[in-house]
Amino acid sequence: LSTTMTTYTYSQATDATSGFSNSSKVEVTTAEAAGASDFILFAYNFEGQDLQRLAKGTASAESVTVSFWVKSNVTGTYILEFDDADNSRNINKAYTVDVSGTWEYKTITFEGETSGAFDNDNGLSGRLLWFLDAGTSFTTGTLANSWEATSNVNRAVGINGTFGDTIGNYFQITGVQLE
């Protein structure tokens, strides 16, 4: 979890959808509206050696599908980013939490990219970034629906933008799968 705003708790919760024992939970403990350069995001980091099968940077680049279960009391639009840390590139997709306090299954596909191969080592090469809240420095451009050079203003366009506003707001995730 990474944030430039608010105070929160991060925990492993025993509340999870059927088939899973636990979930990761972020809960706001001090309310703060997002300032221009603020964000809250949940991240998963990949080593380059674990991403080689995607053939990124080649003519045979593979698409990748991310599926997960999410539960939040803040409905609306959230953003998932696949970040290429080796080449400063990213692609972002919006998804919606439709019902407050209910586990929902989400599936997002990121198209393969023919430029910028991942390093084949154990260093940070890629990240999945679930944006929970973001200020105008991340929301005033055009959402990066296809691979592009990382530009902050294009990373969280359309996000609900109220997650950090209220004590007790929470976001839970479980069953993350990459194929």
Salt bridge (Lys or Arg N to Asp or Glu O under 4.0 Å) contacts in which one or both residues fall within residues 148-162, not counting sequence neighbours: Glu81-Arg155
Hydrophobic cluster membership, Ile40 vs Val176, 4.5 Å side-chain cutoff: yes
Backbone of Ser115 reached by a side-chain donor or acceptor of Lys56 within 3.5 Å: yes
Aromatic ring proximity Trp147/Phe82, centre distance under 6.0 Å: yes
Short side-chain to backbone donor-acceptor contact, Asp121 and Gly123, under 3.5 Å: yes
Modelled atom types, side-chain donor and acceptor of Thr162 and Asn160, under 3.5 Å: yes
Option passing salt bridge (charged side-chain N to carboxylate O under 4.0 Å, His left out) with Arg127 (candidates Asp84, Asp83, Asp50): Asp83
ILVMFWY network linking Tyr10 to Val74, side-chain heavy atoms under 4.5 angstrom: yes
Glu47: salt bridge (charged side-chain N to carboxylate O under 4.0 Å, His left out) partners, not counting sequence neighbours: none
Phe46/Tyr44 under ring-ring contact (aromatic ring centres under 6.0 Å, His included): CA gap, chis, key distance, verdict: CA-CA 7 Å; Phe46 295 97; Tyr44 183 84; 4.9 Å; yes
Sidechain-backbone polar pair: Thr174 side chain, Asn22 backbone, donor-acceptor under 3.5 Å: yes
Side chains of Thr29 and Thr9, donor plus acceptor under 3.5 Å: no
Side-chain donor or acceptor of Asn73 paired with backbone N/O of Tyr170 under 3.5 Å: yes
Any donor-acceptor pair under 3.5 Å from Thr139 side chain to Ala156 backbone: no
Flag if over 12 foreign heavy atoms under 6.0 Å of OH, Tyr95: yes
Criterion side chain to side chain contact (heavy atoms under 4.5 Å, CB included) on Glu32 and Asp38, from CA distance to verdict: CA-CA 10 Å; Glu32 178 186 353; Asp38 289 334; 3.8 Å; yes
Results of salt bridge (charged side-chain N to carboxylate O under 4.0 Å, His left out) for Glu104 - residues two or more places apart only: Lys106
Flag, side chain of Asp86 to backbone of Ala117, donor-acceptor distance under 3.5 Å: no
Test side chain to side chain contact (heavy atoms under 4.5 Å, CB included) applied to Phe131 and Leu80, step by step: CA-CA 6 Å; Phe131 279 87; Leu80 177 59; over 6 Å; no
Residues Phe42, Tyr78; criterion ring-ring contact (aromatic ring centres under 6.0 Å, His included); working and verdict: CA-CA 11 Å; Phe42 182 83; Tyr78 290 83; over 10 Å; no
Within one Ile-Leu-Val-Met-Phe-Trp-Tyr cluster: Val153 and Leu129, side-chain cutoff 4.5 Å: no
Flag, side chain of Thr58 to backbone of Ser60, donor-acceptor distance under 3.5 Å: yes
Pair Asn90-Asn92, side-chain donor/acceptor within less than 3.5 Å: yes
Residues in salt bridge (charged side-chain N to carboxylate O under 4.0 Å, His left out) contact with Asp119, at least two apart in sequence or another chain: none
Spacing of Thr96 atom OG1 and Asp98 atom CG [to the nearest 0.5 Å]: 5.5 Å
Pairs where residues 13-25 contributes a residue and the test salt bridge (Lys or Arg N to Asp or Glu O under 4.0 Å) is met, not counting sequence neighbours: Asp15-Lys71, Lys25-Glu27
Glu62/Arg53 salt bridge by N-O under 4.0 Å criterion: no
Residues clustering with Phe20 (ILVMFWY side chains joined when closer than 4.5 Å, directly or via others): Trp69, Trp103, Tyr105
Expected output: side-chain Asn154 to main-chain Thr142 donor-acceptor under 3.5 Å: yes
Full working for side chain to side chain contact (heavy atoms under 4.5 Å, CB included) between Val70 and Gln172: CA-CA 6 Å; Val70 63; Gln172 289 176 254; over 6 Å; no
Flag side-chain contact, heavy atom, 4.5 Å: Lys93 against Phe110: yes
